[in-house]
Engineer: 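Can you read through this structure? Questions will come right after.
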There are 2 protein chains.
Amino acid sequence: MRQALIDAARSLFIQRGYAETATPDIVALAGVTRGALYHHFEDKRALFRAVIEREAADVAAAIEAGTSPVMNPREAIVAGSRGYFDAMSKPGRARLLLLDGPAVLGADTMRAIDTETAEASLKDGLHVLLSGGRNGALADMLAVLLSAAFDRAALAIETGADRHQCEEAIAALIDGLAA
Amino acid sequence: MRQALIDAARSLFIQRGYAETATPDIVALAGVTRGALYHHFEDKRALFRAVIEREAADVAAAIEAGTSPVMNPREAIVAGSRGYFDAMSKPGRARLLLLDGPAVLGADTMRAIDTETAEASLKDGLHVLLSGGRNGALADMLAVLLSAAFDRAALAIETGADRHQCEEAIAALIDGLAA
DNA sequence: GCAGATCACATACAGTCAGTCTGTATTGGA
DNA sequence: TCCAATACAGACTGACTGTATGTGATCTGC
């Protein structure tokens with residue numbers, strides 16, 4: 001039942017967005033009443049958060065599955081980017097995680113949910129990649145900024161941009177840092 | 001009166017966010033009634049859009065003011081980033097332009113409003129910077145991705161990140177591309 | 001095997017909000 | 001001076017969120 005609510009909510013959230021999705025529509029799609037919704041979730045935002053958390057966990061798993069510890073840093077980052085774009089190509093995911101999520105839950109909360117996703121892996125890879133004398137704080141900051149670049153690339157791909165070009169541009173940024 | 005409504009709306013939008021700001025509160029702060037609001041604006045979103053457009057124009061003007069045509073590409077990009085971070089340091093601006101804006105108006109509409117802002121200048125600079133054999137499509141894509149990095153940096157700065165470190169990381173990305 | 005408590009919902013209700021419609025005063029031109 | 005358009009004000013409606021209450025099933029302790 002919880003799952004049914006999350007499924008129905010996800011379906012409507014990606015179709016109309018959070019604000020334009022009414023709880024009566026969600027429960028109708030799930031085949032229950034609003035009483036069930038407010039029994040399982042504190043409010044509409046809590047339901048949205050449950051949707052987001054499941055989605056973020058799926059993305060993190062996809063990235064994890066695509067990379068392996070034996071890769072060198074550049075390989076790992078490229079493989080991670082491939083896994084990320086694969087995961088983000090699922091329709092509606094970019095809107096959920098990159099548009100409605102930050103606006104509804106706040107950028108800080110989203111960052112907390114996203115822990116152990118793309119950004120964490122990126123940070124590790126960059127620390128190794130930049131170990132030639134530069135400091136670690138720079139690598140952390142670069143992970144944050146590059147992670148934003150990944151996000152916008154995923155958003156661009158969903159609205160028609162060429163994925164191969166996005167991956168090339170990301171690679172250009174990474175290779176520039178390695179030099 | 002239009003300006004008074006936009007001012008009041010901006011003040012409440014940055015304080016509570018778009019969804020949590022009620023039109024009765026906006027008109028009360030502006031000292032008018034809801035009739036006035038719906039006389040000047042089609043709906044609440046149109047008022048929000050007016051706020052966003054003024055804000056984006058201010059940012060664009062700040063960037064424009066900080067750069068000059070005689071700079072070389074790297075200088076221009078660094079100066080542009082300085083102007084951008086200056087402009088975005090105005091409280092609430094990051095939330096308006098980077099969180100609520102994309103969620104309420106859509107990423108595509110925001111891109112349209114942002115025309116002639118950071119991303120356009122960036123694109124020009126990158127085209128010159130990369131003119132050593134690489135193609136223009138890559139420069140366009142890099143402008144999109146770097147612009148996302150700028151945005152996240154602005155958001156990070158608002159929530160306490162060190163601005164100098166952000167600028168260093170941006171410079172590292174740019175310098176990597178120039179090599 | 002039974003009384004009571006808890007869980008998993010359903011239903012009714014109250015408060016609030018967005019958008020519309022109608023009314024009114026003021027202003028500018030013919 | 002009259003007319004029309006503009007710039008508001010205020011009431012109204014439908015809808016939505018969250019809450020409070022009711023109800024049947026299930027589980028627990030004895």
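All heavy atoms count here, side chains included; hydrogens, waters and symmetry mates do not. Below, chain A is the first sequence line, B the second, and so on; all start at residue 1. Every value quoted in this text rests on a predicted model; they were computed, and no experiment measured them.
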Engineer: Taking C-beta and beyond as the side chain, do B/Met88 and B/Leu98 meet within less than 4.5 Å on heavy atoms?
Structural biologist: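 The answer is yes; the side chains approach within 4.5 Å.
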Engineer: Quick one about B/Arg34 and B/Thr23 (side-chain donor to acceptor, distance below 3.5 Å, no hydrogens or angles considered), yes or no?
Structural biologist: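 Note: B/Thr23 and B/Arg34 side chains meet the donor-acceptor criterion.
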Engineer: Drop me the distance from B/Arg49's CZ to B/Ile6's CD1, to the nearest 0.5 angstrom.
Structural biologist: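 Spacing of CZ (B/Arg49) from CD1 (B/Ile6) equals 12.5 Å.
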Engineer: What heavy-atom pair brings A/Leu145 and B/Cys166 nearest, and what distance separates the two atoms?
Structural biologist: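 Shortest heavy-atom contact: CD1-O, 4.4 Å.
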Engineer: For A/Val144, is there any backbone N or O sitting under 3.5 Å from a side-chain donor or acceptor partner on A/Lys123?
Structural biologist: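 Not confirmed, A/Lys123 side chain does not pair with A/Val144 backbone.
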Engineer: Could you give the start and end, 5' to 3', of the contact zone on DNA chain D for chain A, using atoms under 4.0 Å from its heavy atoms?
Structural biologist: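 In short, chain A contacts DNA chain D from D/dC16 to D/dT19.
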Engineer: If I take atom CD1 from residue B/Ile170 and atom CZ from residue B/Phe150, how far apart are they, to the nearest 0.5 angstrom?
Structural biologist: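 B/Ile170 CD1 to B/Phe150 CZ: 4.0 Å, rounded to 0.5 Å.
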Engineer: Using side chain to side chain contact (heavy atoms under 4.5 Å, CB included) as the criterion, list what pairs up with B/Ala87, not counting sequence neighbours.
Structural biologist: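 B/Ala87: side chain to side chain contact (heavy atoms under 4.5 Å, CB included) contacts with B/Val59, B/Ala62, B/Arg93.
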Engineer: Dump the pairs, protein N or O against N or O of nucleotides 25-27 of chain C, anything under 3.5 Å, distances to one decimal.
Structural biologist:
none

Engineer: Between the side chain of B/Lys90 and the main-chain N/O of B/Glu55, is any donor-acceptor distance below 3.5 Å?
Structural biologist: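 Answer holds: no.
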Engineer: Would you mind listing every side chain to side chain donor-acceptor pair (under 3.5 Å) that reaches into residues 101-111 of chain B, with sequence neighbours excluded?
Structural biologist: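 For residues 101-111 of chain B: B/Arg111-B/Glu119.
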Engineer: How does protein reach along nucleotides 6-21 of chain C, written 5' to 3' as B (base within reach of a heavy atom under 4.0 Å), S (only sugar-phosphate), or - (no contact)?
Structural biologist: --BBBB-----SBBB-
Engineer: For B/Arg152, what residues pass the salt bridge (Lys or Arg N to Asp or Glu O under 4.0 Å) criterion, not counting sequence neighbours?
Structural biologist: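 So B/Arg152 forms a salt bridge (Lys or Arg N to Asp or Glu O under 4.0 Å) with A/Asp151.
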